[in-house]
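One-based numbering, in listed order, for ligands and for the atoms of each.
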Amino acid sequence: MVILYTLQNGDFINLKDIKIIKKEKVYVNLTNKCPCACTFCLRDTKEMVETNSLWLKREPSAQEIIGEFEKYDLDQFNEVIFCGYGEPTIRLYDIIEIAKYLKRRTNIPLRINTNGLADLIHKKDTAPLLEGLIDTVSISLNASNAEEYLRITRNKFGLESFDAMLKYAVNCKKYVPKVVFTVVDCIGEEEIKACQKVCDNIGIPLRVRPFE
Ligand code: SF4
């Protein structure tokens, strides 16, 4: 099971397979589960389930993840990122437990890569729980309006999900030093411009990233 990994030239490498660690970004593989079924997501393809070793047959517990971090001098890393093939905030309370442990041991920044639907998943305001623990929340904006967002993400919460995601982002700004939206470059120039407008309106930067 791959619990901690890093990326080199776009490929993932199990941290256990690296002999000399030099300021790597370390990703925590938390879950395959997600309330979305994005049109571009490879998560549910047969190939992914059968051949990709990042696919978790069982989720590692918070204690198992902490046990993996125990093996390292954390100051060798330059960032720890909570992610997964699914949505990491499904395991929000485990993230908090692991982040508390990491903050006791190191000052390196901690980030969550998320679809921004944690409030709908947990049916409460979750941003305050991140205070003092998470340094960056990176949220996939995906689209510039509710209809397009639902068409792309096919999430189980329906049309209200877009506004809930924006509200979550704004809330995060109160508790987390850096909040950023991302979109993939393949959505087209017009839609990227429209996404930029949404971000400008709520004062959150947008990063356009290449579609992998
Ligand atoms: S939010 Fe992420 S993990 Fe979930 S379906 Fe979309 S791309 Fe996949």
Side-chain angles (χ1 to χ4, degrees), residues 1-5 7 10-12 25-60 65 80-95 98 111-123 126-127 130 134 136-169 171-172 176 179-188 191-192 195 198-199 204 206-212:
M1 172 161 61
V2 181
I3 298 179
L4 303 180
Y5 66 94
L7 292 177
D11 294 325
F12 83 86
K25 286 184 194 297
V26 174
Y27 295 80
V28 186
N29 191 17
L30 282 161
T31 185
N32 303 325
K33 295 183 195 128
C34 184
C36 301
C38 295
T39 49
F40 54 83
C41 185
L42 297 173
R43 211 166 45 96
D44 289 333
T45 61
K46 194 163 174 277
E47 296 74 26
M48 181 61 76
V49 175
E50 286 179 356
T51 62
N52 195 301
S53 48
L54 280 182
W55 186 263
L56 296 166
K57 291 201 174 72
R58 145 186 101 70
E59 289 178 353
I65 295 168
V80 171
I81 299 134
F82 295 98
C83 62
Y85 260 105
E87 168 51 35
T89 64
I90 284 202
R91 297 193 56 196
L92 181 64
Y93 294 97
D94 289 325
I95 290 177
I98 299 161
R111 175 181 10 141
I112 302 177
N113 284 353
T114 176
N115 60 21
L117 299 178
D119 290 358
L120 293 178
I121 295 169
H122 296 281
K123 300 185 178 67
T126 59
L130 308 179
I134 301 300
T136 304
V137 176
S138 175
I139 303 169
S140 303
L141 180 61
N142 285 307
S144 64
N145 61 73
E147 288 74 20
E148 185 62 3
Y149 181 76
L150 186 58
R151 189 190 69 74
I152 291 176
T153 63
R154 301 185 293 193
N155 75 76
K156 68 176 193 183
F157 302 112
L159 271 181
E160 68 164 302
S161 55
F162 184 69
D163 284 345
M165 180 268 298
L166 296 183
K167 183 170 164 249
Y168 172 76
N171 263 347
C172 280
V176 174
V179 180
V180 61
F181 277 126
T182 67
V183 287
V184 281
D185 57 5
C186 61
I187 62 174
E191 183 61 354
I192 290 175
C195 286
V198 171
C199 296
I204 293 177
L206 176 68
R207 185 169 77 84
V208 181
R209 58 188 171 84
F211 179 65
E212 286 148 16

Evaluation steps, side chain to side chain contact (heavy atoms under 4.5 Å, CB included), between S138 and T114: CA-CA 6 Å; S138 175; T114 176; over 6 Å; no
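Using a 4.0 Å cut-off to heavy atoms of Y85, the atoms of ligand 1 that qualify are 3 (S).
Protein nitrogen, oxygen and sulfur atoms, that is N, O or S, within less than 2.8 Å of atom 6 (Fe) of ligand 1 amount to 1.
Residues satisfying the side chain to side chain donor-acceptor pair (under 3.5 Å) criterion with T31, sequence neighbours excluded, are E59. Remark: Y168 pairs with no residue by the ring-ring contact (aromatic ring centres under 6.0 Å, His included) rule, at least two apart or across chains. Evaluation of the side chain to side chain donor-acceptor pair (under 3.5 Å) rule for K167 yields no partner, not counting sequence neighbours.
Using the six-membered ring where Trp is involved, F162 and Y149 have ring planes that are tilted, between 30° and 60° apart. Ring geometry for W55 against Y85 counts as tilted: the plane angle lies between 30° and 60°, on a 0 to 90° scale.
Side chain of H122 to main chain of T89: a donor-acceptor pair is present (N/O by atom type, distance under 3.5 Å, no hydrogens or angles).
Of the protein's heavy atoms, none falls inside 4.0 Å of atom 2 (Fe) of ligand 1.
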